[in-house]
Each structure stands twice: as C-alpha cells, then as structure tokens.
Engineer: 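Here's a structure for you.
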Amino acid sequence: QVQLVESGGSLVQPGGSLRLSCAGSGFTSDLYAIGWFRQAPGKEREGVSSIRSSDGSTYYADSVKGRFTISRDNANNRVYLQMNSLKPEDTAHYYCAADRHGSSWFYHLNPKTYDSWGQGTQVTVSS
C-alpha cells in the first residue's frame, strides 16, 4: 500500500507563508500524480494543486493561483506546497493524495480520481 504523510501545518497570520510537505513510501513504480486537497468544516473537499510525475506539469485551483506553488523531489518521494499571502479562507485540513494509475489525466484536481490519501495536516490562518 502507498503511504503518504503530511507535515508542516500550523497557525499563521494573514499574509504569512507556510510550506507543507508530503512524504511517500510503499511505491513499486512511479506515481502518475500527487495532489494537494483541503477541507474546511462544513464544506466539501476541494482540489488545491497537483503535479504530474512524468514531466512535472502543475495545476492550480483559481483560488490559490499566484499564491501557492507545488514542487517535487522525486529522488526522495516528496512533494511540497509553498503557500504565500495566506488568507483566512485558506484555513482547512490539508491532504496530499496520489493518483497511481493516471485517473487524473484530464480533471487534475478532482478528488475522486485520487486513490491513496494521507491523514492530513491542519492549516489555520488567523490574527
């Protein structure tokens, strides 16, 4: 089984920055993509960003474009999410997830196309 562990969540003031990390293990081959998702209380889980393993192509939700950056360290099976200019509406539990087989090839940020999930890390943006 693929195992994913998120870290880096914290309390941060509006306008601040934070970097999340997703460490993977249990792979027998390259994953198709890794995505970051978030879920706030009372809301559905939504896609934030994803990166394709083969060529490093990245995708972002409109709400975070220009503020968040996803990156990877393939040698260490790790993906990062750099979050800048944080807003209170960014407050959520953040998850990383793996698409092992390419289901996310078109709809890159659809949670239903990812099949391995971490437990998440809490990000709270508040003064």
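Computed over heavy atoms, backbone and side chain alike; hydrogens, waters and symmetry mates excluded.
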Engineer: In terms of hydrophobic clustering (I, L, V, M, F, W, Y; side-chain heavy atoms under 4.5 Å; direct or indirect links), are Val125 and Val64 co-clustered?
Structural biologist: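 Shared cluster, yes.
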Engineer: Between Thr124 and Val12, does the side-chain contact (heavy atoms from CB on, under 4.5 Å) criterion hold? Intermediate values first, please.
Structural biologist: CA-CA 6 Å; Thr124 301; Val12 63; over 6 Å; no
Engineer: Would you check if Glu6 and Tyr95 make a side-chain contact, meaning some heavy-atom pair closer than 4.5 Å?
Structural biologist: yes
Engineer: Assign the ring pair Trp117 / Phe37 to parallel, tilted or perpendicular, where the plane angle (0 to 90°) is split at 30° and 60°.
Structural biologist: tilted
Engineer: Are Leu31 and Tyr59 co-members of a hydrophobic cluster defined by side-chain heavy atoms under 4.5 Å apart?
Structural biologist: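 No; tracing contacts between hydrophobic side chains, which count when under 4.5 Å, never links both residues.
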Engineer: Taking atom CG of Leu20 and atom OG1 of Thr121, what is their separation to the nearest 0.5 Å?
Structural biologist: 6.0 Å
Engineer: If only side-chain N and O atoms count, and only distance matters, is there a donor-acceptor pair under 3.5 Å linking Gln39 with His93?
Structural biologist: no
Engineer: Around atom CD of Glu44, are there more than 12 heavy atoms from other residues, nucleotides or ligands closer than 6.0 Å?
Structural biologist: no
Engineer: For residues Asp99 and Thr113, is any side-chain donor paired with an opposing acceptor at under 3.5 Å?
Structural biologist: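 There is no such pair between these side chains.
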Engineer: Please report whether the ring centroid of Trp36 lies less than 6.0 Å from that of Phe68.
Structural biologist: no
Engineer: For the hydrophobic clusters of this structure (ILVMFWY residues joined by side-chain heavy atoms under 4.5 Å, transitively), does one cluster hold both Tyr94 and Ile34?
Structural biologist: yes
Engineer: Please identify each residue that fulfils salt bridge (Lys or Arg N to Asp or Glu O under 4.0 Å) with Arg38, with sequence neighbours left out.
Structural biologist: Glu46, Asp90
Engineer: Do Arg72 and Tyr80 meet the cation-pi criteria used here (NZ or CZ under 6.0 Å from the six-membered ring centre, within 45° of the axis)?
Structural biologist: no
Engineer: Which Ile, Leu, Val, Met, Phe, Trp or Tyr residues join Tyr107 in one cluster when any pair of side-chain heavy atoms under 4.5 Å counts as a link?
Structural biologist: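 ILVMFWY cluster around Tyr107 also holds Tyr32, Trp105, Phe106.
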Engineer: What I'd like to find out is whether the side chain of Ser71 reaches to under 4.5 Å of the side chain of Val79, using heavy atoms alone.
Structural biologist: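 Not in contact.
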Engineer: About how many Å separate OG of Ser53 and CG of Asn77, when rounded to the nearest 0.5 Å?
Structural biologist: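 So the CG of Asn77 and the OG of Ser53 are separated by 9.0 Å.
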